[in-house]
There are 2 protein chains.
Amino acid sequence: MKLHVSPDIFPPRGHEAKRLSIVDSAATVFCREGFAGANIDLIAAEAGVSRQTIYNHHGDKEKLFVAVVRDLTERCNAGIFATIATFPDQPGDLEADLIGFAVRLNQNCICNRDGKFLRKLIQTEGERYPELFAEWREQGPGRTWPAIAARFARLAYGGYLTIEDPDVAARQFLGLVNAELQTTFMLGGSPREDEVLQSATNGVRTFLRAFGKRRSAASSEKQSALASA
Amino acid sequence: MKLHVSPDIFPPRGHEAKRLSIVDSAATVFCREGFAGANIDLIAAEAGVSRQTIYNHHGDKEKLFVAVVRDLTERCNAGIFATIATFPDQPGDLEADLIGFAVRLNQNCICNRDGKFLRKLIQTEGERYPELFAEWREQGPGRTWPAIAARFARLAYGGYLTIEDPDVAARQFLGLVNAELQTTFMLGGSPREDEVLQSATNGVRTFLRAFGKRRSAASSEKQSALASA
DNA sequence: GACGATTTAGACAAGAGTGTCTAAATTTGT
DNA sequence: ACAAATTTAGACACTCTTGTCTAAATCGTC
């Protein structure tokens, strides 16, 4: 009776390492091949474990899939909240700061491995697991959107922006900032760094044209001259 | 030797009807189950034909899949160009007209059966058939985006909008107008009519805040007077 | 009504994948 | 080094699916 080990992990270390390795490889294969097309033997090979070990850890293919999605959701959420924490609450250069935020959000949350995988799994298998993806929706969009909207509300309150509905503004911000990346996302590809920057720059400029405080007629001319450069 | 029949359809009518029915059902099943998960027997049952008939028409599963994507691409393109033709070139009420256009685009091209199916197939199987989806990209986005951009360019030339880059503006227009529908799209759902209208309305308003002519400026009145001449 | 072509149902072989089982090998903690 | 637990390789039964084949039924046309 060894009661001194941590309660939820009975075997010590290599065990967890394998569990992680399995979930990681499974994510890769499920994304590449789809649930039906994914092959347990292939996952095992990619993880460097035997097939039996997968069954020992996860029971069956469906449970493994659920574990993968839960894992990705958790990691993606963590990444998004970490990035939201870098939102420019007191911007020096509003345009530059918002572009920086948009680029970080894209690079660290949307275009990275976890983001790409989670997005694809939601798109491909979302309808097959309604409860699972309802859970994702609550934990993910349900919590991140309000968080982002609150930051924009704060910018508006601080006099940096003119916004009626912060929730709408937040969604439109993301829509604008990713406007040029849609086709790439569709095909599951990763945009190059310069494409991300370009899309973010164009998106933020339009966003500020719509919601930015215009100081005077002269400065808005300045702004558009800058934009066309 | 009956040379009087049309050259590409050897058996007369019921034949083509079955071919269509097969492709339609295949689209449904491929979308619901993915390529690997799709079952020829199920497609046959859904199409109301025997399995052998599918093999007679399309050879094998992969060729059937290609036929489905080609068919969807063609129909979607037709729909998009038909909708682009309704773009408000000489708007009376610019905001209302752009909202109408956005709603039509969504209802007739993006949220309808073909649009939903094509989007899902691209997302799920795009990486597996690079040539096929390269073809889609050329025929689809490669032709529709410039067409939409050209319409915005025309509005700008006519003095209705202030746009630097019509291509960017076109992509941002779509991004804004669909900003509130992203989560629904992700999960493969269809937004309700009022959600489409709401998203379009919010999107167009922001779009016009960024790109619309502000009436107070004297030069813009001049420009639109010039345009109407 | 008869003819030719198409469609159908069902059986079939071949292959692939899941999940189980077992005994041997390996790892881990002490 | 020992003992317990875990991992492994391989075989296995079972199911499902694809694609082919055949003979009978049906359809469309003249």
Side-chain angles (χ1 to χ4, degrees), chain A residues 1-26 28-68 125 128-129, chain B residues 1-26 28-68 125 128-129:
Chain A
M1 317 266 184
K2 302 172 183 182
L3 292 175
H4 55 284
V5 293
S6 58
D8 47 349
I9 304 170
F10 21 100
R13 233 154 309 277
H15 199 69
E16 262 320 274
K18 283 201 191 297
R19 178 179 222 97
L20 255 288
S21 165
I22 290 169
V23 172
D24 262 32
S25 306
T28 308
V29 176
F30 278 134
C31 282
R32 202 173 54 223
E33 318 280 351
F35 178 81
N39 177 308
I40 300 271
D41 289 310
L42 194 59
I43 295 173
E46 201 139 325
V49 303
S50 77
R51 179 174 60 251
Q52 186 57 49
T53 302
I54 294 184
Y55 285 104
N56 288 345
H57 276 277
H58 292 100
D60 65 12
K61 193 179 178 182
E62 196 153 316
K63 292 203 191 75
L64 173 59
F65 179 77
V66 171
V68 166
E125 312 293 343
R128 196 187 314 287
Y129 297 86
Chain B
M1 320 253 187
K2 302 173 182 180
L3 292 175
H4 55 283
V5 292
S6 58
D8 47 350
I9 304 169
F10 20 103
R13 231 151 310 277
H15 199 66
E16 262 321 275
K18 284 202 190 295
R19 176 179 224 99
L20 254 288
S21 165
I22 290 169
V23 172
D24 262 31
S25 306
T28 307
V29 176
F30 278 136
C31 282
R32 200 174 56 222
E33 317 281 350
F35 179 81
N39 179 309
I40 300 270
D41 289 308
L42 195 59
I43 295 172
E46 201 139 325
V49 302
S50 76
R51 180 172 61 249
Q52 187 57 48
T53 301
I54 293 184
Y55 286 105
N56 287 345
H57 277 276
H58 293 100
D60 65 13
K61 193 179 178 182
E62 195 153 318
K63 292 204 192 75
L64 174 58
F65 179 76
V66 171
V68 166
E125 312 293 343
R128 197 187 312 288
Y129 298 86

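Naming convention: chains lettered A, B, ... in sequence-line order (proteins, then strands); numbering from 1 in each chain.
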For Glu62(A) and dT18(C), what is the distance between atoms CD and P respectively, to the nearest whole Å? 13 Å
Is there a side-chain contact between Glu33(A) and Asn39(A) (heavy atoms, below 4.5 Å)? no
Under-3.5 Å N/O pairs linking protein and nucleotides 13-17 of chain C:
from    : atom 1 : to       : atom 2 : distance (Å)
dG17(C) : OP1    : Asn39(A) : ND2    : 3.2
dG17(C) : OP2    : Asn39(A) : ND2    : 3.3
dG17(C) : O5'    : Asn39(A) : ND2    : 3.2

Where Ser50(B) and Ala44(B) come nearest, the two heavy atoms and their spacing: C-CB, 4.0 Å
Salt bridge present between Arg128(B) and Glu62(B) (N-O < 4.0 angstrom): no
For atom OH of Tyr55(B) and atom P of dT8(C), their distance in whole Å: 15 Å
To the nearest angstrom, how far is Glu16(A) atom CD from dG29(C) atom P? 13 Å
With a 4.5 Å heavy-atom cut-off, do His58(A) and Val23(A) have their side chains touching? yes
Between P of dT6(C) and CD1 of Ile22(B), the distance in whole Å: 14 Å
Atom CD1 of Ile43(B) and atom P of dG19(D): how far apart are they, to the nearest Å? 11 Å
Separation of Ile54(A) atom CD1 from dA9(D) atom P, in whole Å? 12 Å
Should Leu64(B) and Lys61(B) count as side-chain neighbours, where that means a heavy-atom distance under 4.5 Å? no
Which value, rounded to the nearest 0.5 Å, describes the distance between Ser21(B) atom OG and Ile43(B) atom CD1? 11.0 Å
Drop me the distance from Arg51(A)'s CZ to Ile40(A)'s CD1, to the nearest 0.5 angstrom. 9.0 Å
Could you state the atom-to-atom distance from CZ of Arg51(B) to P of dT20(D) in whole Å? 11 Å
Asn56(A) has an atom CG; how far is it from atom P of dT26(C), in whole Å? 18 Å
Give me the distances for all protein-to-nucleotides 21-23 of chain C N/O pairs that come in under 3.5 Å?
from    : atom 1 : to       : atom 2 : distance (Å)
dC21(C) : N4     : Gln52(A) : OE1    : 2.5

Rounded to the nearest 0.5 Å, what's the gap from NE2 on His57(B) to CD on Glu16(B)? Could you check? 7.5 Å
Determine: side-chain N/O of His57(B) to OP1/OP2 of dT6(C), distance under 4.0 Å, yes or no. no
Just to be sure I understand: a Watson-Crick pair is purine N1 to pyrimidine N3 plus N6-O4 or O6-N4, both under 3.5 Å. Using that and G-U wobbles, which stems of three or more pairs involve DNA chain D? C:1-30 with D:1-30
Heavy atoms, side chains only, cut-off 4.5 Å: are Leu42(B) and Arg32(B) in contact? yes
Look at the side-chain N and O atoms of Lys18(B) and state whether any lies under 4.0 Å from the OP1 or OP2 oxygen of dT8(C). yes
Phosphate OP1/OP2 of dT8(C) contacted by Thr53(B) side-chain N/O (<4.0 Å): yes
Atom pair CG/CD of Asn56(B) and Gln52(B) - distance to nearest 0.5 Å: 4.5 Å
Measure from the side-chain N and O atoms of Glu125(B) to the backbone N and O of Phe35(B), and report whether any donor-acceptor pair falls under 3.5 Å. yes
